[in-house]
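Right, one structure below, let's go through it.
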Amino acid sequence: MKKDFLNLGKQPIANSFLSSISKKSLKSEYFYNLIISFNTKNFLVSVKKPVNPKIQYTNKYAHRASESQTMRKAFRSAAIKLYKRFKPKNIMEIGSNDGVFLKNFARQKVIGVEPCRNLAEITKKKFTTYPNFWNKVLSKKILKKHSEVDLIFSANTISHIPNLKETFEAIFNVMSDKGVLVIEDPSLSSVIKINSYDQFYDEHVYVFSTLAVENIVKKYKLRLFDVQKINTHGGSLRYYICKNNSKYKKTKRLVSILNEEKKTGLDNFNTFKKFAGRVKNSKKKLVSLLKKIKKNNNKIISYGATYKSTTVFNYCKIDTRYFHYVTDTTYNKQGKFTPGTHIPIISPEIGFNDSVDYAFLGAWNFKREILNKEKKFIKRGGKFITHVPEVKILSK
Ligand code: DWN
């Protein structure tokens with residue numbers, strides 16, 4: 001049974017950065033109700049009513065996975081480790097974005113799948129890339145053209161696909177008998193522990209736990225045999241999945257993480273009810289801190305036009321009354337406006353200057369990289385604000 005525990009209100013599509021805020025474009029802005037539910041049977045946490053993927057993953061998809069040094073390094077390290085451990089003859093990535101993972105392999109070994117055509121165009125120049133949604137039709141097409149796949153990798157993508165049955169059945173189709181599926185997604189345990197409620201937005205249809213993944217994959221003749229904690233995106237998990245009859249044994253760390261999740265209460269609805277209470281508090285504290293700072297005539301901006309910020313801004317009703325603008329290094333976000341709250345987005349070269357007193361860390365998951373890069377800002381008295389794990393002004 002599905003039980004709702006969190007209502008994040010009316011939200012726009014996180015990727016719908018607006019080119020203009022004319023009356024006409026604001027009139028056509030799409031909103032939906034972001035309600036999060038817990039399935040008491042398989043422990044899966046999901047968006048109650050997912051948005052149609054066709055309006056999310058278009059040829060105007062803004063996020064570039066290679067935009068941060070942290071992610072470039074993380075994907076390179078993942079590629080090397082996975083290759084060493086599984087020695088695959090070929091590799092397929094579902095949701096290959098701008099090729100940040102694929103580029104670490106020889107071009108004849110890899111296949112990319114990416115429904116956002118603007119991104120698929122980038123990798124197509126070097127790698128075989130299918131500009132399609134992942135499903136059984138595509139899996140059959142790939143099987144016809146290539147051999148079965150030994151390593152299927154998918155980071156921050158499986159959690160985005162509403163139809164898990166179709167997804168895993170299609171994976172089963174193309175995976176070789178000794179093959180491995182490796183999935184990376186933000187971990188529910190981290191979300192609960194650090195109160196990162198902004199991991200919930202339209203694209204994150206699911207925020208997985210190990211408990212839930214183990215329950216789900218077994219419905220599709222697949223088996224979770226290992227899991228690993230990784231630091232990316234504020235705490236993620238890397239799941240290792242094989243076919244039922246495969247040689248891989250359940251690892252000790254999988255047993256230990258399953259136990260840890262039970263201790264955290266990820267199999268218990270009450271945990272999520274309590275979390276929802278902490279989310280409400282976080283909103284109150286953030287708005288009151290911003291009001292206080294604004295009262296003293298300080299200039300506040302936001303750092304990183306993240307999809308996560310869409311949730312925070314729309315839930316807390318933070319707009320140009322608080323933030324002058326948002327800075328972001330991504331070229332195709334610059335010159336646009338944030339979804340729902342219509343704050344201008346500009347390049348950090350222009351916007352992150354001496355006039356800024358406070359910067360909200362929209363990209364809090366890159367805190368270390370950003371603090372390292374922005375030493376001058378901090379030295380001259382500039383301050384960062386965060387809401388994760390709690391609302392505060394960061395001290396030096
Ligand atoms: O799952 C998803 C994750 C992985 O990526 C997607 N559904 C969409 C996207 O979500 P996000 O926007 O919350 O992801 P990031 O990676 O936290 O976005 C960081 C943003 O901040 C990028 O637009 C780049 C920008 N940035 C910046 O302006 N200066 C990042 C760094 C490190 C910087 O120094």
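One-based numbering, in listed order, for ligands and for the atoms of each.
At least one donor-acceptor pair closer than 3.5 Å links the side chain of Trp134 to the backbone N or O of Thr167.
Between His63 and ligand 1, a contact under 3.5 Å exists for at least one N or O pair. For ligand 1, the polar-atom distance check finds no N/O of Thr306 at less than 3.5 Å from any of the ligand's N/O atoms. Of the polar atoms of Glu369, none of the N or O atoms is found under 3.5 Å from an N or O of ligand 1, judged by distance alone. Inclusion of Lys373 in the set of residues having an N or O under 3.5 Å from an N or O of ligand 1 is warranted. Taking distance alone, with nitrogen or oxygen atoms compared against 3.5 Å, Tyr307 approaches ligand 1 more closely than that limit.
Each of the atoms 21 (O) of ligand 1 lies under 4.0 Å from some heavy atom of Gly304. Residue-ligand proximity, Ile370 to ligand 1, at heavy-atom distances under 4.0 Å covers atoms 34 (O). Listed by number with element, the atoms of ligand 1 under 4.0 angstrom from any heavy atom of Phe366 are 15 (P), 16 (O), 17 (O), 19 (C), 32 (C). Under a 4.0 Å criterion applied to the non-hydrogen atoms of Tyr303, ligand 1 contributes the atoms 29 (N), 33 (C), 34 (O). Within ligand 1, counting atoms from 1 as listed, the ones closer than 4.0 Å to a heavy atom of Glu67 are 24 (C). Per-residue contacts place Lys308 under 4.0 angstrom from the following atoms of ligand 1 (heavy atoms of the residue considered): 11 (P), 13 (O), 14 (O), 15 (P), 17 (O). The ligand atoms of ligand 1 that sit less than 4.0 angstrom from a heavy atom of Thr330 are 22 (C), 23 (O), 24 (C). Which parts of ligand 1 touch Ala363 is read off a 4.0 Å heavy-atom cut-off, strictly below it: atoms 21 (O).
The proximity of His233 to ligand 1, defined as any non-hydrogen pair under 4.0 Å, is limited to the side chain. Contact annotation: for Glu203 versus ligand 1, heavy atoms closer than 4.0 Å belong to the side chain alone. The part of Tyr61 lying near ligand 1 is the side chain, judged by heavy-atom distances below 4.0 Å. Counting heavy atoms under 4.0 Å from ligand 1, residue Arg64 does not touch it at all.
Side chain to side chain, Thr329 and Glu67 meet the donor-acceptor criterion of an N or O pair below 3.5 Å. Thr70 and Glu369 form a side-chain donor-acceptor contact under 3.5 Å, judged by distance and modelled atom types alone.
Among protein heavy atoms, the minimum distance from atom 2 (C) of ligand 1 is reached at Tyr201 OH, 3.4 Å. Looking only at heavy atoms of the protein, atom 22 (C) of ligand 1 is closest to Asp328 OD2, 3.6 Å.
At a 4.0 Å cut-off, at least one heavy atom of His204 sits close enough to ligand 1 to count as contact. Contact between Gln69 and ligand 1 is absent, with no heavy atom of the residue lying under 4.0 Å from the ligand. Taking 4.0 Å as the cut-off, His160 counts as a neighbour of ligand 1 on heavy-atom distance.
No continuous path of hydrophobic side-chain contacts links Ile370 to Tyr307 [ILVMFWY only; heavy atoms under 4.5 Å]. Note: the hydrophobic cluster containing Val180 does not contain Ile216 (ILVMFWY, side chain heavy atoms under 4.5 Å, direct or indirect links).
Among the candidates Lys299, Arg380, Lys376, the single residue satisfying the salt bridge (charged side-chain N to carboxylate O under 4.0 Å, His left out) test with Asp354 is Arg380. With Glu214 as the fixed residue, the salt bridge (charged side-chain N to carboxylate O under 4.0 Å, His left out) test singles out one of Lys262, Arg223, Lys250: Lys250. The only member of Leu266, Ile257, Leu188, Thr264 that meets side chain to side chain contact (heavy atoms under 4.5 Å, CB included) when paired with Leu211 is Leu266.
Summarising the geometry, atom CG belonging to Asn97 is positioned 10.0 Å from atom CG belonging to Leu102; distances are rounded to the nearest 0.5 Å.
Both cation-pi conditions hold for Lys3 and Phe269: the charged atom is under 6.0 angstrom from the six-membered ring centre and inside a 45 degree cone around its axis.
The neighbour count for Lys89 NZ, taken as heavy atoms of other residues, nucleotides or ligands under 6.0 Å away, is above 12.
Between Arg278 and Glu390 no salt bridge is recorded (no basic side-chain N to carboxylate O distance below 4.0 Å). With respect to the salt-bridge test (charged N to carboxylate O, under 4.0 angstrom), the residues Asp226 and Arg85 qualify.
Counting only non-hydrogen atoms, the option in Thr329, Thr327, Thr232, Asn97 that gets closest to atom 27 (C) of ligand 1 is Thr329.
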query = Is there a salt bridge (Lys or Arg N to Asp or Glu O under 4.0 Å) between Lys165 and Glu169 once you walk through the steps?
reply = CA-CA 6 Å; Lys165 181 177 186 304; Glu169 285 180 354; 3.2 Å; yes
